[in-house]
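Beneath this line is the structure, given in structure tokens, with notes to follow.
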Amino acid sequence: MAGRYRSDLKWSDVTPKAGWLNRRELMAGAGALAAGAIAGPAFASLGAKKTSYGSDLEPNSFEDITSYNNFYEFGTGKDDPARNAHRLTIDPWTVKVDGLVDKPGDYSFDDLVSGMTLEERIYRFRCVEAWSMVVPWVGFELADLLNKVGVQPGAKYVAFETLVRPDEMTGQRRNVLNWPYREGLRIDEAMHPLTIMATGLYDEPMPKQNGAPIRLVVPWKYGFKSIKSIVRISLTEDEPPTSWNLANPREYGFYSNVNPNVDHPRWSQASERQIGGGLFAKRIPTLMFNGYEKEVAGLYSGMDLEEFY
Ligand code: MTE
């Protein structure tokens with residue numbers, strides 16, 4: 001399978017080029033490799049189909065995206081995931097699919113993603129902490145996966161869980177959060193074409209600090225909704241409990257749509273700091289639904305977005 005990650009591939013084999021090639025050259029090179037024109041360590045290239053999603057956005061560097069992370073299973077510092085996530089075993093990887101589905105089961109990573117079309121999606125990514133990046137994800141629509149396993153009529157929500165493995169995820173030895181990390185979406189949000197399961201970025205397998213081997217990406221919501229290293233997907237009738245909402249319901253709602261008009265109780269959400277912009281870069285205004293208002297506002301028509309934050 002083209003998108004298969006390789007456990008024997010060292011990041012040092014494939015990442016240095018990101019430092020000296022610009023994005024366009026990198027993409028062109030990756031395309032050539034996918035076509036089999038060049039042999040070499042970058043054979044891990046995912047060969048994702050290019051789309052026009054986000055072609056107007058300038059992605060952050062591979063270095064920015066993989067060195068400034070939130071992944072509390074590996075520590076709470078921004079550089080902890082990059083330092084500690086190498087301990088995570090991602091092969092084999094099993095995802096349990098259960099609840100209101102026609103084909104529940106324990107799916108291997110390969111079985112789960114087989115038949116899915118990998119696509120590049122360049123998305124804005126806005127953390128609730130008011131920093132942002134632009135990331136060239138590689139993934140497929142969550143809707144395709146849900147259709148593959150067969151969603152039953154009673155299912156109204158999708159719940160996700162991250163792996164619990166304190167031996168490797170050293171941040172889990174402390175109760176910073178109530179593990180496992182949990183997230184959830186309403187079924188129409190999960191089925192929206194912008195919602196993807198990402199298995200890579202910059203046309204390469206997902207770096208461990210970014211949630212290897214498979215994570216959710218919901219670009220119009222605060223970053224914490226985009227749960228990493230998923231091992232369970234459950235279709236439920238009731239709204240599932242979610243980690244940050246459990247930890248602090250006043251500060252983190254179930255919806256957590258990016259909204260410049262609704263401040264976090266402790267800081268403004270009207271603007272954001274772009275990672276990689278340098279120390280003196282001006283903050284940029286935060287956009288409603290993170291710039292995806294045209295596509296997703298209809299999901300919330302008639303809802304009071306201050307009440308359902
Ligand atoms: N998923 C898990 N399992 N654990 C986490 O700590 N952090 C969230 C989200 N997904 C997190 C997670 C937060 S707060 C953000 S902003 C994004 O991941 C960060 O994604 P990135 O490191 O790829 O930029």
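In each ligand, atom 1 is the first atom listed, and ligand 1 is the first ligand listed. Residue numbers count from 1 along this sequence.
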For [X], is at least one N or O under 3.5 Å away from an N or O on ligand 1?
X    : value
Q209 : no
N69  : yes
Y72  : yes
K228 : yes

Relative to each other, are the rings of [X] and [Y] parallel, tilted or perpendicular (30° and 60° limits)?
X    : Y    : answer
F125 : W131 : tilted
Y202 : F62  : tilted
F74  : F71  : perpendicular

Heavy-atom nearest neighbour in the protein, as seen from atom 23 (O) of ligand 1, with distance rounded to 0.1 Å: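 Its nearest protein heavy-atom neighbour is R215 NH1, 2.7 Å.
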Pick one of side chain, backbone, both or neither for how [X] approaches ligand 1, counting any non-hydrogen atom pair under 4.0 Å.
X    : result
Y181 : side chain
F125 : side chain
E183 : neither
E73  : side chain

Would you kindly check if the NZ (Lys) or CZ (Arg) of [X] is within the cone defined by 45 degrees around the ring axis of [Y] and under 6.0 Å from the six-membered ring centre?
X    : Y    : value
K225 : F254 : yes
R121 : Y53  : yes
R182 : F160 : no

Taking a cutoff of less than 4.0 Å between a non-hydrogen atom of the residue and any ligand atom, is S229 in contact with ligand 1?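 It does not; every heavy atom stays at 4.0 Å or beyond.
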Close approach, K225 and ligand 1, non-hydrogen under 4.0 angstrom: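 K225: no contact with ligand 1 (<4.0 Å).
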Between [X] and [Y], do the side chains contain an N or O donor and an N or O acceptor separated by less than 3.5 Å?
X    : Y    : answer
N257 : W220 : yes
E168 : T89  : yes
Q274 : S132 : no

If the cut-off is 4.0 Å to any non-hydrogen atom of [X], which atoms of ligand 1 fall inside it?
X    : answer
C127 : 16 (S)
T162 : 3 (N)
F71  : 2 (C), 3 (N), 4 (N), 5 (C), 6 (O)
S226 : 9 (C), 10 (N), 18 (O)

May I ask which of N70, T66, L177, V176 has a heavy atom nearer to atom 14 (S) of ligand 1 than the others do?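 Nearest heavy atom to atom 14 (S) of ligand 1 lies in N70.
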Hey, does the side chain of N84 reach the backbone of T170 with a donor-acceptor pair shorter than 3.5 angstrom?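 No, the answer is negative, given that no donor and acceptor are paired below the 3.5 Å cut-off.
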